[in-house]
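Taking it in order: structure first as structure tokens, then the write-up.
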Amino acid sequence: MQKIDWDTLGFKYMDADCHVRYTWKEGAWNSGELYESSVMNMHIAAGCLHYGQAAFEGLKAFRCKDGKVRVFRPQENIKRMAMTARRTCMPQVPEALFMDAIKRVVNANADYIPPYGTGGSLYIRPLLIGSGIQIGVAPAPEYTFLILVMPVGPYYKGGLKPVKALIYDEYDRAAPNGVGAIKVAGNYAASLYAHEEAKKAGYDVELYLDAKEHKYVEEFATSNFVAITKDGAYVTPDSHSILPSITNLTLMKLAEDMGMTVDVRPVPFEEIEQFAEIGACGTAVVVTPVCEITRGEQVIKIGENDGCGPVLQKLYEKVQAIQYGELPDLYNWCWEVPNQRVD
Ligand SMILES: *Cc1c(COP(=O)(O)O)cnc(C)c1O
């Protein structure tokens with residue numbers, strides 16, 4: 001394997017030694033294999049290429065303080081992929097198969113897990129696609145489930161860095177009864193154009209309002225919206241078109257444990273200027289503070305201190321400490337990967 005400089009790792013694709021891949025055919029999954037090549041053959045008429053049957057997940061393995069390798073909340077990703085599969089007419093990936101796939105691919109690429117203390121982790125990307133030939137619009141007759149891994153660095157090197165968000169009234173991410181709540185690849189296709197425009201205009205992320213009325217806050221393109229009120233409550237929007245973030249679920253539980261009120265409810269756009277702190281949360285970053293939100297001519301500054309508030313900072317530190325095994329794992333969130341390098 002190549003020599004990896006753990007200090008300069010970002011969030012960028014890098015080949016590991018192998019990925020694990022399974023095929024579903026005639027109602028059953030095969031037993032899967034580790035493949036060294038990162039290139040796979042696919043039929044030009046594969047259903048996923050034409051009609052978007054593609055579900056993905058994102059989770060991380062951490063090299064902990066005690067030297068063991070643990071994956072954070074994999075059961076939640078398995079449940080969520082099951083929901084995505086159901087909504088897009090793909091076969092379920094059984095929990096046992098999924099867990100075995102994680103074990104195989106993480107063990108086979110153990111050299112790529114950043115050492116404890118570097119702030120890095122092994123990003124795990126499961127992918128389920130309709131790989132069978134399908135040119136009439138219908139679910140594909142064959143599926144591929146694979147997991148690739150890559151080492152990633154800490155998102156924030158010298159502390160959390162607040163970002164600026166832009167609200168568009170011209171673009172929506174997810175329809176009210178559409179597929180916003182599942183992790184289907186097409187949701188990202190729907191947000192790419194707005195994201196590129198936002199970047200060109202000098203913003204880091206775009207924030208979406210509900211597609212029906214543009215009255216309520218939904219989420220950022222790739223992360224959930226969370227806010228801390230001036231009296232210290234944790235608020236996150238309630239909507240059927242928001243992707244249920246596992247990081248958000250984690251933060252809510254930790255906030256509750258810290259004695260905070262946790263409110264999952266509709267969040268009107270007008271409420272934004274009232275919040276003490278706003279953050280964007282997801283697996284890749286845990287939580288990014290948002291210091292400014294722009295909609296048309298209106299520029300809303302969030303909180304003091306340029307938006308890097310103490311509550312989100314504290315929650316961020318807690319999540320990381322649990323992930324690296326520095327704090328007790330009270331809810332069994334961390335799954336220790338059985339250490340056996342066989343295949
Ligand atoms: C994946 C994703 C998130 C974050 O979910 P986590 O489980 O916390 O990583 C948020 N919003 C969207 C649209 C996503 O696809």
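Just so you know, these numbers use all the heavy atoms, side chains as well, and skip hydrogens, waters and symmetry mates. Numbers here are sequence positions counted from 1. Ligands are counted one by one from 1 in listed order, and the atoms in each one are counted from 1 as well.
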**Study point:** Taking atom 15 (O) of ligand 1 as the reference point, the nearest protein heavy atom with its distance
**Key:** Tyr188 OH, 2.5 Å
Check your understanding: Does ligand 1 have an atom that lies less than 4.0 angstrom from a heavy atom of Ala221?
Key -> yes
Study note, to complete from the structure: The answer for which part of Phe220 has a heavy atom under 4.0 Å from ligand 1 is neither
Point to revise | Contacting atoms of ligand 1, where contact means under 4.0 angstrom from a heavy atom of Gly282 | key: 4 (C), 8 (O), 9 (O)
Exercise for review: Have a look at ligand 1 and work out which part of Ile246, if any, has a heavy atom under 4.0 Å from it: side chain, backbone, both or neither.
Suggested key: both
Practice item. Would you tell me whether Glu170 and Tyr193 have side-chain atoms, one donor and one acceptor, within less than 3.5 Å of each other? Key: no
Check your understanding: At under 4.0 Å between heavy atoms, which part of Pro244 makes contact with ligand 1: side chain, backbone, both or neither?
Key -> neither
Review point. Can you find a non-hydrogen atom of Asn187 under 4.0 Å from ligand 1?
Key: no
Exercise for review: Measure Ser245 to ligand 1 on non-hydrogen atoms and call it side chain, backbone, both or neither using the 4.0 Å cut-off.
Suggested key: both
Review point. Could Asp210 and Lys215 be called an ion pair, given the rule that one side-chain N must be under 4.0 Å from one carboxylate O?
Key: no
Study note, to complete from the structure: atom 11 (N) of ligand 1 sits nearest the protein heavy atom Glu219 OE1, 2.7 Å
Exercise for review: Show which atoms of ligand 1 fall inside a sub-4.0 Å distance from at least one heavy-atom site of Ser223.
Suggested key: 10 (C), 11 (N)
Point to revise | Side chain Gln53, main chain Ala140, donor-acceptor under 3.5 Å | key: yes
**Study point:** Closest protein heavy atom (residue, atom, distance) for atom 3 (C) of ligand 1
**Key:** Thr222 O, 3.4 Å
Review point. For ligand 1, is any non-hydrogen atom under 4.0 Å from Asn77's backbone (N, CA, C, O), its side chain (CB onward), both, or neither?
Key: neither
Review point. Side chain, backbone, both or neither: which part of Arg173 has a heavy atom under 4.0 Å from ligand 1?
Key: side chain
Review point. Any chain of hydrophobic side-chain contacts (each under 4.5 Å) joining Met40 to Phe145?
Key: no
Check your understanding: So, Asp15 and Tyr13: side-chain donor and acceptor under 3.5 Å apart, yes or no?
Key -> yes
Exercise for review: Fit a plane to each ring of Tyr171 and Tyr168, take the angle between them on a 0 to 90° scale, and name the class: parallel (under 30°), tilted (30 to 60°) or perpendicular (over 60°).
Suggested key: perpendicular
Check your understanding: Would you call Glu317 and Lys314 a salt bridge, taking side-chain N to carboxylate O under 4.0 Å as the test?
Key -> no
Check your understanding: Please state which protein non-hydrogen atom is closest to atom 9 (O) of ligand 1 and give its distance, to 0.1 Å?
Key -> Thr283 OG1, 2.6 Å
Review point. Does a donor on one side chain and an acceptor on the other come within less than 3.5 Å for Asp172 and His214?
Key: yes
Practice item. For residues 218-242, pull every pair meeting salt bridge (Lys or Arg N to Asp or Glu O under 4.0 Å), keeping only residues two or more places apart or in separate chains. Key: Arg173-Glu219
Practice item. Check Asn224, Asp263, Asn248 against Thr236 for a side chain to side chain donor-acceptor pair (under 3.5 Å) and give me the one that passes. Key: Asn248
Review point. In the protein, which heavy atom is nearest to atom 2 (C) of ligand 1, and how far is it?
Key: Lys183 NZ, 2.6 Å
Review point. Does ligand 1 have any atom that is closer than 4.0 Å to a heavy atom of Arg80?
Key: yes
